[in-house]
Each structure stands twice: as C-alpha cells, then as structure tokens.
Amino acid sequence: MEIVKLASPESFLTHIKIKNDSLPQKMWSDESLTIKGLEEVYDTYETYLVYEDQNVIGGFLLLEKDYSYWTIEENQDNAYYVHKLFVLPQFNGRGYAGKIMERIKEYAKQEHKDYLRLDCRRHNEKLNHLYESLDFQFKREFDSHFSGEMNLREYKVK
C-alpha cells in the first residue's frame, strides 16, 4: 500500500459502491452511498482513497466530529472518527484493511489526535475481531436508526 489521497466524494462513492455491490448482503444502503446520503448523516467529512501501484484498493471517510454515534462530551475530545472503511473485492484477503487502519493511526498521530473512533455492526464478528487486533477498545453498544445494532470502539493514539 503506497498512498492515501484525499478524494472527491463522487470518486469515493463510485469505488465503495463496487465493494457494496459485491457483498452477499450489502453493508450500506444504496441511499446512504450518495452525496445526499452522506450529508444526511455527517455534518462534515473528508473522503479518502488508498492506492497501490496507481490502483485504488480501498477507501474510508474521516470526520473530526460524529454526533450520529458519539456523545456531545465525546465530540469535545481531540479525535478522528473513521467511517465506511472498505477494500475492493479483488484485494480482499491480503490484509489491506489492517494496513489502511495502521496508516490512519499514523496520520492521527501526525495530526496530534488523542483518539481514533469508529463503529461496526455488533454481530460482524470478523470486523470486530479486526478492530480488537488493532487495539480498538470496546466502548459501548449503540442502536442506530441509520445502521442498526452497533459497537463503538476507540483507539488511544500513542
């Protein structure tokens, strides 16, 4: 994995839809993967694509505030919130999700953030295990009208 680049929301959405459409059960609704859908959930966000050998391998959203899942008090912390992490289907099984998260950790440290936070579906054992292996501690359960039953996780930037 070489480069993480700020991308246009349109380019990000084009790639994440490829991932979503490849899944036996979609992770995100089609409506949520539109500009309007993103703006309904997130006040402000940045979209990133990850490249290797000039090929897009995945992407993610990064927010500085996330009032959809985290409390007002938690949003006062110096944190980044990671959403919609994905790896394109042709790159599955090569450890890219973990590598992308490690790059996000490095970026958070460079930007002097105290925490990285994210959410994942409560019953997605594979994803929960990945985040646990990357030292994202379980904070609490959260029931979202956007996404259903979620686990909120936090990494203390070192």
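These numbers come from the heavy atoms of this one structure, side chains and all, not from hydrogens, waters or symmetry mates.
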In chain order, what residues pass the side-chain hydrogen bond (donor to acceptor under 3.5 Å, both in side chains) check against Gln137, with sequence neighbours excluded?
none
Can you pull the salt bridge (Lys or Arg N to Asp or Glu O under 4.0 Å) pairs that have at least one residue in residues 9-21, sequence neighbours excluded?
Asp21-Lys26
Contact check, side chains of Ile18 and Leu88, non-hydrogen atoms, under 4.5 Å:
yes
Is a side-chain N or O of Thr47 found less than 3.5 angstrom from the main chain of Ala7, in a donor-acceptor match?
yes
Counting only pairs under 3.5 Å, give me each side-chain donor-acceptor contact of residues 33-42, with atom names and distances, residues two or more places apart or in other chains.
| from | atom 1 | to | atom 2 | distance (Å) |
| --- | --- | --- | --- | --- |
| Thr34 | OG1 | Glu31 | O | 2.9 |
| Thr34 | OG1 | Gly37 | N | 2.8 |
| Tyr42 | OH | His83 | ND1 | 3.4 |

Cluster link Leu23 to Leu127, ILVMFWY, side chain under 4.5 Å:
yes
Check whether any side-chain heavy atom of Lys158 sits under 4.5 Å from a side-chain heavy atom of Asp135, and report yes or no.
yes
Not counting sequence neighbours, which residues clear salt bridge (Lys or Arg N to Asp or Glu O under 4.0 Å) with Lys65? List them please.
none
For the pair Asn78 (side chain) and His112 (backbone), establish whether a donor and an acceptor sit closer than 3.5 Å, ignoring hydrogens and angles.
yes
Under 4.5 Å between any side-chain heavy atoms of Lys105 and Glu102, yes or no?
yes
Hydrophobic cluster membership, with links at side-chain heavy-atom distances under 4.5 Å among I/L/V/M/F/W/Y: are Val56 and Leu6 in one?
yes
Might you point out which heavy atoms bring Ala97 and Leu130 nearest each other, and give the distance in Å?
CB-CD2, 3.8 Å
Tell me the closest heavy-atom pair linking Val157 and Ala108, and the distance in Å.
CG2-CB, 4.0 Å
Taking Asn75 for its side chain and Asp66 for its backbone only, find out whether a donor-acceptor pair lies under 3.5 Å.
yes
When you measure from the side chain of Asn20 to the backbone N and O of Ile16, does any donor-acceptor pair fall under 3.5 Å?
no
Leu118 to Trp70 - nearest heavy-atom pair and separation
O-CZ2, 3.6 Å
Is Lys5 positioned over the aromatic face of Tyr48, cation under 6.0 angstrom from the ring centre and no more than 45 degrees off axis?
no
Euclidean distance, Leu85 CG relative to Cys120 SG, rounded to 0.5 Å:
10.5 Å
Phe136: which residues meet the ring pair (Phe, Tyr, Trp, His ring centres under 6.0 Å) condition with it, sequence neighbours left out?
Tyr131, Tyr155
Who passes side-chain hydrogen bond (donor to acceptor under 3.5 Å, both in side chains) against Glu64, sequence neighbours left out?
Lys113
Can you tell if the side chain of Leu116 reaches within under 4.5 Å of the side chain of Glu154, non-hydrogen atoms only?
no
Shortest non-hydrogen contact from Met150 toward Arg122:
O-NH2, 3.3 Å
Taking side-chain hydrogen bond (donor to acceptor under 3.5 Å, both in side chains) as the test, write out the residues that go with Asn151, two or more places apart.
Asn128
State which residues pass ring pair (Phe, Tyr, Trp, His ring centres under 6.0 Å) with Phe142; sequence neighbours excluded, sorted by chain then number.
Tyr69
Same cluster or not: are Leu134 and Val87 linked, directly or through other Ile, Leu, Val, Met, Phe, Trp or Tyr residues, by side-chain heavy atoms under 4.5 angstrom apart?
yes
Report the residues that fulfil side-chain contact (heavy atoms from CB on, under 4.5 Å) with Ser11, sequence neighbours left out, ordered by chain and then residue number.
Ser8, His15, Leu49
Please determine if Arg121 and Glu149 form a salt bridge, counting it only when a charged side-chain N lies under 4.0 Å from a carboxylate O.
no
Separation between CZ (Phe86) and OH (Tyr96), nearest 0.5 Å, reads 14.0 Å
Who pairs with Gln110 by side-chain contact (heavy atoms from CB on, under 4.5 Å), at least two apart in sequence or on another chain?
Tyr107
Taking only residues two or more places apart in sequence or in another chain, which ones pass side-chain hydrogen bond (donor to acceptor under 3.5 Å, both in side chains) with Ser68?
none
Tell me whether the count of non-hydrogen atoms from other residues, nucleotides or ligands lying under 6.0 Å of CD in Glu125 goes above 12.
no
Do the side chains of Ile100 and Ile104 get nearer than 4.5 Å, heavy atoms only?
yes
Quick one, Phe12 and Leu61 - any side-chain contact, counting heavy atoms below 4.5 Å?
yes
Please tell me if the side chains of Leu62 and Val82 come closer than 4.5 Å, counting only heavy atoms from C-beta onward.
yes
Between Met101 and Phe60, is there a side-chain heavy-atom distance shorter than 4.5 Å?
no
In short, salt bridge (Lys or Arg N to Asp or Glu O under 4.0 Å) pairs touching residues 74-84 with sequence neighbours left out are Glu74-Arg140, Asp77-Arg117
